[in-house]
J.: 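Once you've had a glance at the structure underneath, I'll fire off some questions.
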Amino acid sequence: MSDENVTIPLEVSNLAQQGRKSLARAWREHLGLTKEQVAARMGTSVAALEQIEARSAKPRRATLAKVAAALGLKVEQLMP
């Protein structure tokens, strides 16, 4: 997939940069979803989602794909 097909709203980018949040967390907050909602969609625990959303986390692409599916995004939109 080329970069021209991947878009990230300015609000999400700002949340990630200024709020020092991961893209996964910034997207979730932008979409108005709770950790509980996203974790349920992923079939995982809130604690596991919190680890994935940690700014210092380096989740595998397969994990990002699950988050993306839960948020209705393309996996590339969660990659820095």
Side-chain angles (χ1 to χ4, degrees):
M1 172 174 279
S2 67
D3 289 343
E4 64 192 43
N5 294 326
V6 177
T7 59
I8 298 175
L10 183 58
E11 181 180 342
V12 173
S13 178
N14 286 342
L15 278 172
Q17 291 177 357
Q18 296 170 357
R20 302 193 193 285
K21 299 174 184 178
S22 67
L23 278 173
R25 181 174 174 186
W27 268 109
R28 179 179 57 75
E29 291 179 0
H30 174 73
L31 296 170
L33 297 169
T34 66
K35 288 184 259 186
E36 292 79 11
Q37 290 171 315
V38 176
R41 290 179 184 185
M42 291 176 62
T44 193
S45 67
V46 171
L49 178 61
E50 288 173 343
Q51 288 180 352
I52 294 165
E53 285 187 346
R55 180 85 172 157
S56 60
K58 303 261 190 236
R60 291 189 264 171
R61 186 177 177 89
T63 302
L64 288 178
K66 289 179 184 180
V67 176
L71 297 174
L73 302 171
K74 298 174 184 174
V75 69
E76 291 81 7
Q77 290 174 291
L78 295 175
M79 300 175 85

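All values below were derived from every heavy atom in this structure, side-chain atoms included, with hydrogens, water molecules and symmetry-related copies excluded.
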J.: Please list all pairs passing the ring pair (Phe, Tyr, Trp, His ring centres under 6.0 Å) test where one or both residues lie in residues 48-80, with sequence neighbours left out.
T.: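 Of all non-adjacent pairs touching residues 48-80, none passes ring pair (Phe, Tyr, Trp, His ring centres under 6.0 Å).
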J.: Once ring pair (Phe, Tyr, Trp, His ring centres under 6.0 Å) is applied, what residue pairs with a partner in residues 36-74 remain, sequence neighbours excluded?
T.: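 Listed by first then second residue: nothing to list.
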J.: What residues form a side chain to side chain contact (heavy atoms under 4.5 Å, CB included) with Ala48, not counting sequence neighbours?
T.: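 Per chain and number, Ala48 pairs via side chain to side chain contact (heavy atoms under 4.5 Å, CB included) with Thr44, Ser45.
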J.: Name all residues meeting the salt bridge (Lys or Arg N to Asp or Glu O under 4.0 Å) criterion together with Lys66; count only those two or more places apart in sequence or in a different chain, and write none if there are none.
T.: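 Not a single residue meets the salt bridge (Lys or Arg N to Asp or Glu O under 4.0 Å) criterion with Lys66.
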J.: Under the rule for side chain to side chain contact (heavy atoms under 4.5 Å, CB included), what residues qualify as partners of Ala69, not counting sequence neighbours?
T.: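 In terms of side chain to side chain contact (heavy atoms under 4.5 Å, CB included), with neighbours along the sequence ignored, Ala69 is linked to no residue.
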J.: By salt bridge (Lys or Arg N to Asp or Glu O under 4.0 Å), which residues pair with Glu53, not counting sequence neighbours?
T.: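 Checked Glu53 against salt bridge (Lys or Arg N to Asp or Glu O under 4.0 Å); matches are Arg28.
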J.: Taking only residues two or more places apart in sequence or in another chain, which ones pass salt bridge (Lys or Arg N to Asp or Glu O under 4.0 Å) with Glu36?
T.: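 Glu36 satisfies salt bridge (Lys or Arg N to Asp or Glu O under 4.0 Å) with no other residue.
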J.: Less than 4.0 angstrom from a charged side-chain N to a carboxylate O is my criterion; do Arg61 and Glu76 meet it?
T.: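 A salt bridge links Arg61 with Glu76.
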J.: Cluster partners of Val46, using ILVMFWY side-chain heavy atoms under 4.5 angstrom, listed by chain and number?
T.: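 Listed partners: none, Val46 stands alone.
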J.: Applying side-chain hydrogen bond (donor to acceptor under 3.5 Å, both in side chains), can you list everything that pairs with Gln37, at least two apart in sequence or on another chain?
T.: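 Testing Gln37 for side-chain hydrogen bond (donor to acceptor under 3.5 Å, both in side chains), a comparison that skips the adjacent residues, returns Thr34.
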J.: May I ask you to list the residues sharing a hydrophobic cluster with Val12, side-chain cutoff 4.5 Å, ordered by chain and number?
T.: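 Listed partners: Ile8, Leu23, Trp27, Leu31, Leu33, Val38, Met42, Leu49, Ile52, Leu64, Val67, Leu71, Leu73, Val75, Leu78, Met79.
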J.: Using the salt bridge (Lys or Arg N to Asp or Glu O under 4.0 Å) criterion, which residues pair with Arg55? Sequence neighbours excluded.
T.: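 Per chain and number, Arg55 pairs via salt bridge (Lys or Arg N to Asp or Glu O under 4.0 Å) with no residue.
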J.: Determine which pairs satisfy ring pair (Phe, Tyr, Trp, His ring centres under 6.0 Å) with at least one residue from residues 37-58, sequence neighbours left out, and list them in order.
T.: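 Every candidate ring pair (Phe, Tyr, Trp, His ring centres under 6.0 Å) pair involving residues 37-58 fails, so no pair, neighbours aside, qualifies.
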